[in-house]
Amino acid sequence: GEVTVFAAASMKTALDEVAKSWEEKTGDSAHISYAGSGALARQIAAGAPADIYISANPGWMETVARTGRVQAQEDLLANRLVLIAHDPQASQVTIGPDLDLEALLKGGKLAMSLVNSVPAGQYGKAALAHYGLWDAIAPDVAQADNVRATLAMVALGAAPYGITYATDAVAEPRVHVVATFPDDSHPPIRYPAARLTDTEAAQSFYEALTSPAAAKIFEAQGFHTLK
Amino acid sequence: MARAADCGPDRGARVMLEISLRHRLSGFTLDLALSAPSGVTALFGPSGAGKTTVVNAVAGLLRPEQGRIAVGGEVLLDTGANICLPPHKRRIGYVFQDARLFPHLSVRANLLYGRRFAPVSRDGAEFDRVVAMLGLEALLERRPAALSGGEKSRVALGRALLCAPRMLLMDEPLAALDAARKEEILPYFERLRDEVQLPILYVSHAPAEVARLATSVALIEAGHLRGFGPAREVLSDPGLAPSLGMREAGAVISGQVAGQEADGLARIETAGGPVLLPYPTGQPGQALRLRIHAGDVTLARGRPEGLSALNILPARITQIRPAEAPSVYVQLALGPERLLARLTTRSVAALGLTEGMECHAIIKAMSVASEDVLGR
Amino acid sequence: MARAADCGPDRGARVMLEISLRHRLSGFTLDLALSAPSGVTALFGPSGAGKTTVVNAVAGLLRPEQGRIAVGGEVLLDTGANICLPPHKRRIGYVFQDARLFPHLSVRANLLYGRRFAPVSRDGAEFDRVVAMLGLEALLERRPAALSGGEKSRVALGRALLCAPRMLLMDEPLAALDAARKEEILPYFERLRDEVQLPILYVSHAPAEVARLATSVALIEAGHLRGFGPAREVLSDPGLAPSLGMREAGAVISGQVAGQEADGLARIETAGGPVLLPYPTGQPGQALRLRIHAGDVTLARGRPEGLSALNILPARITQIRPAEAPSVYVQLALGPERLLARLTTRSVAALGLTEGMECHAIIKAMSVASEDVLGR
Amino acid sequence: MNWLSGQDWQAVALSLKVAGWATALSLPPGIFVAYALARWRFAGRSIVNGLVHLPLILPPVVTGYLLLIGFAPNGPIGGALAKIGLTLAFTWKGAALAAGVMAFPLMVRAIRLAIEAVDPKLEEAAATLGASRAWVFATVTLPLIAPGVLAGAITAYAKAMGEFGATITFVSNIPGQTQTLPLAIYSQLQVPGGEADAARLVVISVTLALGALLVSEWLARRIAARIAGRG
Amino acid sequence: MNWLSGQDWQAVALSLKVAGWATALSLPPGIFVAYALARWRFAGRSIVNGLVHLPLILPPVVTGYLLLIGFAPNGPIGGALAKIGLTLAFTWKGAALAAGVMAFPLMVRAIRLAIEAVDPKLEEAAATLGASRAWVFATVTLPLIAPGVLAGAITAYAKAMGEFGATITFVSNIPGQTQTLPLAIYSQLQVPGGEADAARLVVISVTLALGALLVSEWLARRIAARIAGRG
Ligand SMILES: Nc1ncnc2c1ncn2[C@@H]1O[C@H](COP(=O)(O)OP(=O)(O)OP(=O)(O)O)[C@@H](O)[C@H]1O
Ligand SMILES: Nc1ncnc2c1ncn2[C@@H]1O[C@H](COP(=O)(O)OP(=O)(O)OP(=O)(O)O)[C@@H](O)[C@H]1O
Ligand code: MOO
Ligand SMILES: [Mg+2]
Ligand SMILES: [Mg+2]
């Protein structure tokens with residue numbers, strides 16, 4: 001059988017691997033469409049032939065849920081937020097109300113994802129606001145349209161520091177994690193998954209997502225599995 | 001229509017072309033009406049007089065504010081009745097003042113462009129004949145951009161001739177051509193006029209061409225008709241002569257080919273007596289017209305002897321009209337025909353010429369150039 | 001250069017214009033050399049002969065494969081020495097065969113386009129004079145697209161005249177104009193030639209214009225020089241006459257204005273005797289040239305009487321050459337001047353004319369049109 | 001060739017198909033609209049002109065979103081089309097539609113400029129020779145604007161090869177079905193360290209489009225040379 | 001006006017500034033490159049032609065990424081520019097650069113088509129009247145291609161108003177500094193239920209671009225009428 005998966009673009013590395021091992025095991029094939037969670041949610045609402053939806057944002061899962069197509073749904077993964085630096089010599093910092101981000105930036109920009117729309121940006125803004133840092137730093141924040149672009153800015157040195165998911169930082173050798181945001185500084189970072197059809201392949205893939213083999217792959221990429 | 005009829009020539013003759021136009025352009029108003037019999041209607045007049053504007057209206061490229069145009073009885077335009085045939089339904093071959101060749105087509109394809117729409121499918125012979133007459137054989141595969149000025153105008157001419165039109169509009173078709181080439185093309189126009197009976201509206205600045213071809217002549221100035229009528233009347237009208245250009249005033253007399261003499265001279269019988277011309281003019285019995293420039297006519301009281309001029313015709317002076325000083329136009333009657341002579345006032349005085357007097361008109365055979373022998 | 005000199009006219013006269021060209025186009029090869037004295041050099045020849053190509057080379061718009069062009073001693077092009085001045089450095093006013101007006105500029109701006117580059121800043125009077133001569137006053141604020149054919153060519157002419165060039169190239173500048181308008185413009189060209197001493201290369205199909213203006217005439221056929229020399233020689237050469245067109249062959253004789261007679265006739269002294277003309281010709285003492293069409297000359301053995309023709313000049317027959325049958329060209333000597341007459345063989349036989357014989361040449365005053373009186 | 005994965009090859013093939021169809025299908029309406037805008041004076045001319053330019057003005061994502069709303073299986077147009085068996089959403093046909101829509105203003109602009117440069121006097125001349133309007137268009141106007149049509153088509157093709165935003169929003173990013181080269185490049189850029197893979201795809205994309213560009217330039221020059229009488 | 005937030009107004013103002021500068025600054029090089037491509041035969045002509053088209057062919061994200069590499073403060077060009085005090089990355093100037101680069105091929109295409117339609121015989125005529133090449137260009141060629149230049153500029157302007165991918169990748173989305181209308185619209189669309197806010201911005205964006213379009217059409221018609229002798 002075949003399965004079509006709509007998944008948040010930031011999951012590509014891990015999910016490709018999960019899909020590959022599932023394909024090898026079952027002989028079925030998976031087509032995965034990676035794009036922004038929002039775009040995918042709208043497409044599903046518009047009738048896209050997706051069997052599985054994996055969102056990086058619980059909000060968009062609600063949009064999909066309202067279509068009535070969801071057969072099964074659960075929070076698949078969790079992630080953490082980190083502060084990354086371009087300079088390998090950059091020293092570790094402690095996230096807290098006393099963090100002097102402006103001093104760290106030395107006039108440069110803090111790279112984030114869109115703080116009002118892309119989940120990584122929303123979480124980051126919430127965390128900075130939690131410590132009362134947001135208002136001061138807001139003018140110096142450069143918002144990219146997705147996490148990978150945020151990462152690229154720091155990797156290229158266009159921005160000295162950035163805020164991304166831990167999973168992104170893991171895979172990029174040109175950035176260095178200088179701090180991890182405490183979990184209580186922002187709403188929990190969740191990746192909900194939903195099964196939208198009842199085909200055998202869809203059920204099989206949906207189950208494979210929560211299999212121990214998949215968990216290993218996800219964790220190797222820095223995700224927390226929730227099961 | 002009443003207005004148009006007013007200035008129609010040969011009021012009895014069948015009207016072939018009826019034009020009545022009123023159109024304003026910024027700073028220029030066209031307002032004229034004429035109805036012409038079949039044959040060539042020449043539009044003559046200074047630069048900017050409105051000739052091209054009239055022709056464009058006939059072709060359907062300009063829709064006048066008011067007007068009526070009919071060819072051979074068929075109405076092409078009648079603003080009153082809200083009739084306006086689009087250009088492609090008018091079947092009118094138009095030789096534009098600027099050549100307007102299709103730059104992306106070869107000369108051959110340009111020439112053949114109208115063939116597809118011709119109601120009768122023309123045979124290849126017609127194509128070959130036109131190409132040969134216009135000397136286009138070597139150019140057929142060329143593109144218009146690489147043609148000389150005269151070559152372009154020849155192709156444009158051929159293109160219009162080959163579309164099998166029911167009427168031809170020609171806006172100075174020969175202006176860019178040399179005398180020899182004109183000499184080859186003019187007889188073809190005459191054949192179209194006489195044999196094919198194709199109505200032709202012909203714009204030209206060259207009085208020689210007009211005299212040779214025109215059945216009717218319309219003299220246009222500043223958008224209005226200054227004169228209109230049969231060619232012979234307009235061209236021998238001393239009042240209109242200045243408009244035609246000093247060298248060019250002259251009358252047209254009719255004749256009939258009597259035959260060719262042993263030494264090669266052609267003998268034409270006219271109402272004024274026989275006229276000898278130094279080139280073949282056609283079969284015996286054929287009707288033709290001779291255009292005699294006013295400047296080429298010499299007068300003598302008695303019959304002169306020992307002169308190289310061959311044509312000495314008895315005539316009677318009907319009118320003496322002052323022209324630009326110190327010269328006069330003398331109109332002569334040769335039987336029913338009229339001849340125009342231009343003399344100095346001194347000669348008129350020296351010879352004591354007066355109206356009603358009998359005299360002799362001397363015309364050199366050589367001064368009637370073959371281009372002044374008109375096909376009928 | 002050797003080749004160019006070979007066919008130069010007046011080998012003694014100062015060479016003003018030197019042209020030697022070799023250029024191949026697909027199916028057409030231009031290969032000619034001439035060096036002309038100051039004045040107007042006319043290029044004459046059938047459609048497609050290569051006239052425009054020569055003019056383009058002089059303007060710098062065509063770079064010939066081989067060639068040398070010099071004006072007044074300054075070398076514009078020498079492919080041997082790898083010299084090729086760009087067009088804008090040549091300071092040559094070019095009246096194109098197609099008008100090539102700038103469509104985005106008003107007539108006024110078109111006329112003034114070259115002024116900025118003129119080495120001497122022309123005064124407004126010059127502008128007004130040219131505008132008046134060309135009758136452009138009412139058109140100054142118009143755009144070229146709304147002009148008639150003749151209006152366009154007049155603007156193009158004015159534009160070239162007003163750029164203060166050191167040489168003029170004119171490619172059939174008057175072809176689209178009526179006789180009256182030509183009559184207004186030609187004297188201006190003569191003034192440019194005589195007073196301003198501007199060298200002019202003049203392409204025309206009209207022998208009358210050529211005869212009137214040209215100092216030298218080059219007859220071009222199929223890219224080669226068929227004849228070249230001073231205008232009077234080329235135009236009275238019976239061998240070249242057919243190329244000029246039947247009506248148009250004729251000689252040019254020199255004369256001097258003697259004065260105006262009481263009845264308005266002008267008296268011109270020529271080597272053959274006095275000639276009377278029916279219009280003003282200039283101040284007493286002024287040199288001028290008369291062009292006499294071969295067809296307009298009548299011959300008589302004795303001195304004829306009672307004839308309206310005023311000019312009866314004693315002459316001697318120098319040559320009788322067959323022309324198109326049944327006619328001959330008779331070359332006459334009027335003292336040192338040559339005259340050409342075209343007669344029928346019958347007249348020659350009837351009068352018993354032979355070479356060397358004395359006779360009288362009869363020229364109607366009226367048949368020498370004012371356009372045939374040439375400014376020097 | 002192990003230089004490109006099977007999925008990459010799919011993307012190349014798909015891109016060529018999508019860009020080709022997008023260009024080919026938008027050419028006739030492109031010529032028609034360009035002609036209407038250049039030559040006709042009709043009410044609503046500005047509206048048509050604005051509509052044509054819309055995909056240029058809007059962020060591509062918005063265009064994609066509007067297409068999604070209109071052409072989704074349960075959208076107004078998509079529903080109607082589904083009845084005749086044509087599914088656009090989430091298929092390569094939809095990708096071609098998106099690319100065509102995005103490229104349309106570029107095509108119309110080029111063709112319109114070319115039409116405006118044609119001398120109406122030549123069309124008049126053809127009419128006097130008996131040619132109907134349609135025939136004049138086919139035998140005079142169209143050949144004369146051929147270089148402009150070619151320029152428009154190739155610009156549209158290039159744009160279609162590069163279209164990303166509207167495509168991913170409208171038809172999603174399904175490998176083998178809607179994943180064109182730009183989408184594949186985007187996907188690669190989502191993978192840490194995927195730059196090298198992305199670069200390979202960029203090279204292919206650029207090569208294909210530049211190849212088409214060169215061919216079209218050469219064709220246009222030949223046409224121009226013929227018209228100038230050198231051909 | 002409470003219909004638009006202050007940030008929205010900022011985006012409007014910024015978009016106008018960015019699109020205006022992008023168009024104005026790319027116009028002179030656009031004309032130059034178009035002229036060179038249309039009239040000169042030089043080695044590397046195809047390369048230049050290809051380079052010009054590159055932003056059309058590449059996914060905008062890639063263009064933005066390449067700009068980021070080149071013009072980042074520590075990038076090769078960005079470093080040099082920083083020394084003369086010009087910072088492009090993360091500033092509106094960078095946004096203008098991105099928009100200009102993306103719009104450049106459209107501008108060049110339009111102008112080039114217009115130049116190719118100019119009859120060289122008119123330029124020759126100007127030269128015989130004494131005008132140098134530069135003067136001929138300024139007084140004959142340029143006025144004759146004005147409608148094409150206008151068309152190119154307005155197409156570029158429309159594209160600049162809508163540019164998203166390259167802009168956000170190169171200069172990111174900094175409200176008040178680099179957040180142009182398309183970026184604002186995009187942000188809104190990423191929020192569930194943000195469609196209504198996005199729609200408002202779309203209306204503004206379309207209005208602004210269509211206004212410019214109408215003005216340019218009107219101007220172009222006036223120019224054409226003058227040339228046709230009706231003005
Ligand atoms: N680009 C070209 N390629 C091939 N032949 C050409 C090209 N341009 C001109 N010719 C040919 O060269 C010849 C001379 O052309 P040119 O324009 O000089 O003639 P012309 O004497 O001015 O004729 P006209 O009196 O008709 O204007 C013509 O036969 C023409 O067809
Ligand atoms: N669109 C226009 N707007 C204003 N005036 C115009 C327009 N078109 C032509 N004219 C004027 O109308 C008059 C007649 O033009 P037309 O072309 O009919 O003249 P023509 O008799 O053919 O002259 P030519 O012998 O010079 O070709 C001219 O004065 C011309 O300037
Ligand atoms: O061409 Mo884009 O998708 O506006 O950046
Ligand atoms: Mg006219
Ligand atoms: Mg010529």
Side-chain angles (χ1 to χ4, degrees), chain D residues 37 45-47 49-50 53-63 65-66 103 105-106 109-114 116-118 120 147-148 151-152 154-155 157-159 161-165 169 180-183 185-186 189 195 198-199 201-202 205-206 208-210 213-214 217 220 224 228, chain E residues 37 45-47 49-50 53-63 65-66 103 105-106 109-110 112-114 116-118 120 147-148 151-152 154-155 157-159 161-165 180-183 185-186 189-190 195 198-199 201-202 205-206 208-210 212-214 217 220 224 228:
Chain D
L37 288 175
R45 199 170 150 279
S46 326
I47 294 172
N49 194 25
H53 279 82
L54 218 49
L56 206 59
I57 301 161
L58 292 176
V61 176
V62 173
T63 306
Y65 184 55
L66 294 175
L106 311 183
R109 262 296 184 197
I111 299 176
R112 182 177 164 187
L113 273 176
E116 281 167 350
V118 170
I154 202 64
T155 313
Y157 180 82
K159 171 70 196 169
M161 285 294 288
E163 213 312 296
F164 167 71
T169 310
T180 57
L181 270 172
L183 273 57
I185 292 170
Y186 165 82
L189 283 179
E195 286 88 351
L201 293 176
V202 164
S205 171
V206 167
L208 290 176
L210 288 192
L213 196 66
L214 283 180
E217 291 279 332
Chain E
L37 288 175
R45 198 170 150 279
S46 327
I47 294 171
N49 195 24
H53 279 82
L54 220 48
L56 205 58
I57 300 162
L58 292 177
V61 178
V62 173
T63 306
Y65 190 69
L66 294 175
L106 311 184
R109 262 297 184 195
R112 181 175 165 190
L113 272 176
E116 282 168 349
V118 170
I154 202 65
T155 313
Y157 179 82
K159 171 71 195 168
M161 284 294 288
E163 213 310 298
F164 165 72
T180 57
L181 271 172
L183 272 56
I185 293 169
Y186 178 82
L189 274 183
Q190 295 302 100
E195 289 87 351
L201 294 176
V202 163
S205 171
V206 167
L208 289 176
L210 289 192
L213 197 66
L214 282 180
E217 291 279 333

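All chains are named by letter (A, B, ...) in the order of the sequence lines, taking the proteins before the strands, and each is independently numbered beginning at 1.
Put simply, the side chain of E:L181 does not reach to within 4.5 Å of the side chain of E:V202, judged on heavy atoms. Between D:H53 and D:L56, some side-chain heavy-atom pair lies under the 4.5 Å cut-off. By the 4.5 Å heavy-atom criterion applied to side chains, D:P60 and E:F164 are counted as neighbours.
Of the two parts of E:I185, only the side chain, counted from C-beta on, holds a non-hydrogen atom closer than 4.5 Å to a non-hydrogen atom of chain D. At a 4.5 Å heavy-atom cutoff, the contact between E:V62 and chain D is made by side-chain atoms alone. D:I57 touches chain E through backbone and side chain together, each having a heavy atom under 4.5 Å away. With a threshold of 4.5 angstrom between heavy atoms, D:E195 approaches chain E through side-chain atoms but not through N, CA, C or O. Proximity to chain E is absent for every atom of D:L208, based on heavy atoms less than 4.5 angstrom apart. Heavy atoms of D:Y157 lying under 4.5 Å from chain E are absent altogether.
Chain D forms the most heavy-atom pairs under 4.5 Å with one residue out of E:L214, E:L54, E:N49, E:I154, and that residue is E:N49. Between chain D and the options E:P55, E:A114, E:A110, E:A151, the largest number of non-hydrogen pairs under 4.5 Å is found for E:A151. In terms of heavy-atom pairs under 4.5 angstrom with chain E, the leader among D:T63, D:L210, D:T155, D:V118 is D:T155. Of the listed residues (D:L106, D:L213, D:V61), the greatest number of heavy-atom pairs within a distance under 4.5 Å of chain E belongs to D:L213.
Rounding to the nearest 0.5 Å gives a distance of 6.0 Å between CG of E:L113 and CD of E:E116.
The closest donor-acceptor contact from the side chain of D:R45 to the backbone of D:L37 lies under 3.5 Å.
Taking every heavy atom of both residues into account, D:E163 and D:T180 meet most closely at O-OG1, 4.4 Å.
A salt bridge links E:E217 with D:R112; the closest basic N to acidic carboxylate O contact falls under 4.0 Å.
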